Number of protein chains: 2
Amino acid sequence: MTTHAREALVVTAQRLYAEKGVAATTPREVLEHSGVGQGSLYHHFPSKRDLAVAAVSRTVEETLRSAVSQLEGTGAPDARLAAYLERPRDAVAGCRVGRLTADPLVMADADLHTEVAAYFSNLIQTVAGVLREQGLEADAARDRATTAVAVVQGGYVLSRALGDQEPMRAAVRGFLGLLEARA
Amino acid sequence: MTTHAREALVVTAQRLYAEKGVAATTPREVLEHSGVGQGSLYHHFPSKRDLAVAAVSRTVEETLRSAVSQLEGTGAPDARLAAYLERPRDAVAGCRVGRLTADPLVMADADLHTEVAAYFSNLIQTVAGVLREQGLEADAARDRATTAVAVVQGGYVLSRALGDQEPMRAAVRGFLGLLEARA
DNA sequence: GTCTATACAGCGATAGAC
DNA sequence: GTCTATCGCTGTATAGAC
């Protein structure tokens, strides 16, 4: 059981952070939903911040790995980008990483802020790489990659605001339509 | 002074909400920053929620009016859209309305949620109207309008995450580049 | 309409036994 | 490493005088 309590706490924190944000999630909620006791929580994570760092790092790592894996997978570059953009997402729930940019606790903590920055920096870089495979020059690739990532993040915001999965799909459709019109 | 305290409270709340979100802003902070006394706050706004409704409604109203005014102003449709997208923004601060989609208090309150939904619904509708002026058919106009609004909202998320105004500019540049390539 | 004083709950964290 | 008990503080709101 040595490492089980710690693991249960991290996984539970990840879930609650995705639902309500980091600042709004209390240590008490985490221990109640994970089934571990109060002593255990404060043994493994002396402060709320320590738990936040562990859970947010994990989420960033998982989310980035999954995105990069799809973007650098097999198939033609344009098909890979389209598949990433059209990926099934619970858009109404919002992006687990993107939502952190509005979290007071995350933004006030240098380490947590850096985690979020690194995620988007790497993601844009990866998308730009796919666009360069298509022959786009570096500057144009970086701009268009930023646009692509922004469309997804904005799609999350709109779907969440309107309580409907459709805005995300419409935003991606509109973007892919413009990409195809070029070819 | 009858209405001055109320007004000061609303304006102060708007500012603090933009800085740290609604849930994270305490009634105490609002009264301290506005200079009114505790009794006054609870006289004008019996609960934190009442103040939130007043301040958020005001922000949504102001922001929408400003956007619509520019989008439906003078000049060619494509120039108006470009001007709206390239508008000077403090992107690192985030969108005063968009950030509310990650605010636990706003999302848990039906009236506040509806305010935010109405804002984006109206904004997308307005942009779609501009695109239809350019001859785009209804479905394509709605999709592309959703993309345009998503690019701005995503630009905010990226600029905030990276602590840099540049990602917003890059996202808009990438989008306008695709629009021009079509013409 | 505004003031001062106060109530009460929940949050984040600690103490000390086992 | 986990438990129960408890602490100090702040958030939200109320009471009652002026």
Side-chain angles (χ1 to χ4, degrees), chain A residues 1-57 100 102-113, chain B residues 1-57 100 102-113:
Chain A
M1 289 290 192
T2 307
T3 194
H4 277 52
R6 188 187 172 92
E7 181 66 14
L9 287 164
V10 171
V11 171
T12 303
Q14 286 185 276
R15 184 166 54 80
L16 293 176
Y17 290 174
E19 287 171 15
K20 346 186 307 157
V22 180
T25 299
T26 73
R28 249 138 142 127
E29 286 173 301
V30 176
L31 65 86
E32 277 162 13
H33 285 257
S34 67
V36 314
Q38 191 170 6
S40 293
L41 195 166
Y42 283 100
H43 170 74
H44 292 291
F45 303 101
S47 78
K48 174 173 175 168
R49 180 193 175 269
D50 294 310
L51 175 58
V53 169
V56 168
S57 302
L100 299 176
D103 195 298
L105 194 148
V106 172
M107 298 307 280
D109 187 289
D111 291 340
L112 288 171
H113 195 150
Chain B
M1 290 288 191
T2 307
T3 194
H4 278 51
R6 188 188 172 92
E7 182 65 13
L9 288 164
V10 171
V11 171
T12 302
Q14 286 185 277
R15 183 166 55 80
L16 293 175
Y17 291 174
E19 287 170 15
K20 347 185 308 157
V22 180
T25 299
T26 72
R28 243 122 119 150
E29 287 173 299
V30 176
L31 64 87
E32 278 161 13
H33 285 256
S34 68
V36 314
Q38 192 170 6
S40 292
L41 196 166
Y42 283 101
H43 171 74
H44 292 291
F45 302 101
S47 79
K48 173 173 176 169
R49 180 193 175 268
D50 294 310
L51 175 57
V53 169
V56 168
S57 301
L100 300 177
D103 196 297
L105 194 146
V106 172
M107 297 307 280
D109 187 290
D111 291 341
L112 289 171
H113 195 150

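What you see is a predicted model; the values in this text were computed from it and never measured. Each chain gets a letter, A, B and so on, in the order its sequence line appears, and its residues count up from 1.
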message: Please enumerate all residues that pass salt bridge (charged side-chain N to carboxylate O under 4.0 Å, His left out) together with A:D50, with sequence neighbours excluded.
response: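 Testing A:D50 for salt bridge (charged side-chain N to carboxylate O under 4.0 Å, His left out), a comparison that skips the adjacent residues, returns none.
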
Letter by letter from the 5' end, nucleotides 3-18 of chain C scores (B base, S sugar-phosphate only, - none; protein heavy atoms under 4.0 Å) BBB-----BBBB----

Expressed as a whole number of angstroms, how long is the span from [X]:[atom1] to [N]:[atom2]?
| X | N | atom1 | atom2 | result |
| --- | --- | --- | --- | --- |
| B:H44 | C:dT2 | NE2 | C1' | 9 Å |
| B:F45 | D:dT12 | CZ | P | 16 Å |
| B:L16 | D:dG11 | CG | P | 13 Å |
| B:L9 | C:dT2 | CG | P | 9 Å |

With sequence neighbours left out, write down each residue that passes side chain to side chain contact (heavy atoms under 4.5 Å, CB included) with B:A52, or none if nothing qualifies.
->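 Only B:Y17, B:V22, B:L105, B:L112 meet the side chain to side chain contact (heavy atoms under 4.5 Å, CB included) criterion with B:A52.
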
Checklist line | Any residue meeting side chain to side chain contact (heavy atoms under 4.5 Å, CB included) with A:A18, in chain and number order, not counting sequence neighbours | finding: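 Partners of A:A18 under the side chain to side chain contact (heavy atoms under 4.5 Å, CB included) test: A:R96.
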
Which residue pairs pass the salt bridge (Lys or Arg N to Asp or Glu O under 4.0 Å) test when at least one of the two sits in residues 27-48 of chain A, sequence neighbours left out?
->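 Every pair satisfying salt bridge (Lys or Arg N to Asp or Glu O under 4.0 Å) with a residue in residues 27-48 of chain A: A:K20-A:E29.
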
For this session: Return no unless some side-chain N or O of A:H43 is found under 4.0 Å from OP1 or OP2 of D:dT2.
Result: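 So the side chain of A:H43 is outside the cut-off, no N or O lying under 4.0 Å from OP1 or OP2 of D:dT2.
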
Problem set entry | Backbone N/O of B:L9 and side chain of B:T12: donor-acceptor pair under 3.5 Å |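 Absent.
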
Check your understanding: Side chains of A:F45 and A:V53: closer than 4.5 Å at any heavy-atom pair?
Key ->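 Of all side-chain heavy-atom pairs linking A:V53 with A:F45, none is under 4.5 Å.
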
